[in-house]
Each structure stands twice: as C-alpha cells, then as structure tokens.
Amino acid sequence: MNGINISIGSYNIANGGYADHDFSRIAEDILACGLDIVGLQEVDIDTFRVKKADTMKELSEKTGYPYYAFFKTIDFWGGDYGVAVLSKYPIIESERIKLTSGWHEQRVLGRARVDVDGYHVNFFVTHLSYEDLGTRKGQFEEINRVLSAMDNFILTGDFNCDSLDEFSWIENSDAVNTNSYSVLTCGGACIDNIVHSKNLSFSRPGTLDNGNSDHRLLYAKCTAAE
C-alpha cells in the first residue's frame, strides 16, 4: 500500500447563501486551499432556496473535482438538504448512517471510501445537533462505534460543540482543532474540526475566510507512511 500526502478540508457552506448562491465563489475557496478532499455541510440539492440547482454537480464542475457523494439529512423546500464529500480521487463506495436525533433535526454520518492512488481512506462528514449536549453526546458515541471498526479514518464536520473536550468521546483519535492549538472557525467558536485515526498525521492547519459563509474553511495537510 502506498503512502499519501493530501490536503483535507471541512467547510460549512451555509447553502451558498452568503455567496449569493454563486457556487463559483465556493469552488474558488476550495481551489485556493488546494484541497484534495473536502467535507461539506449545509448543502442544498434541488431546493427552491438555491433555485433548484444541484449544488454538488455545480461544485464538481467548477472545481474540476469529478467525484462526490451527497448524504441527505432532511427534505427541505422542494428538495434535499444534507452533507457531502467532494474529491479529486475516486469514491469507490459510500453510505449514509442515521444518527439518533430525538425531536431535533435529523442528523447523519456520511462515509465515502476514497481511493488515493491505492491507499483507501475512510472519509466521513457530519453536522451534529446544536440543541442540547445530551443529544450531541449520543451522536458522538454512535460515530465512535462506527470509527472504531475502521483501519483508518478522517472525520470532518460542523460539530456544534460547546467545548473541544467533546472530541475525547471519539477514542483513539487526534484532531486538528484542540485545546492546545485551537482554530476559530465560526465567529469566536471552534465548532468545525478534522478528526483522524492515529495512523494518519496532520499538519499545517489553517482557515480561509472570504465571506462566502458564516464559517471559515478549515484545512490541513494529511500524510501517512507506506
């Protein structure tokens, strides 16, 4: 198995509303960071809010990244709303895993198995509940059970966490956003993160804020030895 050296991002695009639903602006953010794979949150597909656009098809065309997977969370305004993965590399399989959400908005965990020149990466994206800590802790625990069965993983998302301590609920992992090195991603909060298995190394984290969302694009470099 070959090693990898790729750039990873997590970006809550707020349905493109801050960018006037001009998805070339979102695509430019992704390209500006030189990302190879990015997890996206608050994605509309065929809703009236985005004038019935297929957001992922547009982002694929405008970035030149040919591979993507969309994971629906709810019906919304004539279409679908959820999270997604956009990749330069082939997505060889994908699955949608429902997370327990109680009376709150349905949340999901999306998985895309990505073939990076022979190295298969389990790439996840999610957007967790903001309403209460108990619901969110249960979602973290469900995610932890899924990730514990993986030989490697990268988890991206808007976690809506009150504290970075919540990421300790994902066992045998490291994160880009930590108490020792925190990166603000939404106002004065650190709610977006990239969490990963310990056999992957991440470095050079940063954010990009071009005003195209209420969140900053969080990115970092990922490497793994052969």
**Student:** Check this for me: does any side-chain nitrogen of one of E141 and R145 sit under 4.0 Å from a carboxylate oxygen of the other?
**Tutor:**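 A salt bridge is absent here (no side-chain N lies under 4.0 Å from a carboxylate O).
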**Student:** Which residues pass the ring-ring contact (aromatic ring centres under 6.0 Å, His included) test with Y81, sequence neighbours left out?
**Tutor:** F76
**Student:** Is the closest side-chain donor-acceptor distance between N210 and D29 under 3.5 Å?
**Tutor:**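 Present: a donor and an acceptor within the cut-off.
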**Student:** Determine which pairs satisfy salt bridge (charged side-chain N to carboxylate O under 4.0 Å, His left out) with at least one residue from residues 187-206, sequence neighbours left out, and list them in order.
**Tutor:** D174-K198
**Student:** Taking L59 as the starting point, is it possible to reach Y18 by hopping between hydrophobic residues whose side chains are less than 4.5 Å apart?
**Tutor:**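 In one cluster: no.
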**Student:** Mind checking what makes ring-ring contact (aromatic ring centres under 6.0 Å, His included) contact with Y67, not counting sequence neighbours?
**Tutor:**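 ring-ring contact (aromatic ring centres under 6.0 Å, His included) check on Y67 returns nothing, list empty.
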**Student:** With L35 as reference, evaluate L86, I8, L217 under the side chain to side chain contact (heavy atoms under 4.5 Å, CB included) test and give the passing residue.
**Tutor:** L217
**Student:** Determine, for E93 against R111, whether the closest basic-nitrogen to carboxylate-oxygen distance falls under 4.0 angstrom.
**Tutor:**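 Salt bridge between E93 and R111, a charged N being under 4.0 Å from a carboxylate O: yes.
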**Student:** Sub-3.5 Å donor-acceptor pair from the side chain of N15 to the main-chain atoms of E42, do we have one?
**Tutor:** no
**Student:** Restricting to ring-ring contact (aromatic ring centres under 6.0 Å, His included), what partner residues turn up for H215, sequence neighbours left out?
**Tutor:** none
**Student:** Can you tell me how far the CZ atom of F71 sits from the CD atom of E95, to the nearest 0.5 Å?
**Tutor:**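 Here the rounded value is 8.5 Å.
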**Student:** Could you pull out all residues at least two apart from D75 that satisfy salt bridge (charged side-chain N to carboxylate O under 4.0 Å, His left out)?
**Tutor:**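 Once residues adjacent in sequence are excluded, the partners of D75 under the salt bridge (charged side-chain N to carboxylate O under 4.0 Å, His left out) criterion are K72.
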**Student:** Report yes or no: is the cationic atom of K52 (NZ for Lys, CZ for Arg) under 6.0 Å from the centre of the six-membered ring of F48, at an angle within 45° of the ring normal?
**Tutor:**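 Pair K52/F48 counts as cation-pi.
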**Student:** Report the distance from atom SG of C33 to atom CG of L218, rounding to the nearest 0.5 Å.
**Tutor:** 9.5 Å
**Student:** Might you work through the side-chain hydrogen bond (donor to acceptor under 3.5 Å, both in side chains) test for H104 and D132, ending with a clear yes or no?
**Tutor:** CA-CA 9 Å; H104 307 308; D132 67 79; 2.7 Å; yes
**Student:** Under the rule for side-chain hydrogen bond (donor to acceptor under 3.5 Å, both in side chains), what residues qualify as partners of N179, not counting sequence neighbours?
**Tutor:** D165
**Student:** Rounded to the nearest 0.5 Å, what separates atom CG in N5 from atom OG in S201?
**Tutor:**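 Rounded to the nearest 0.5 Å, the CG-OG separation comes to 10.5 Å.
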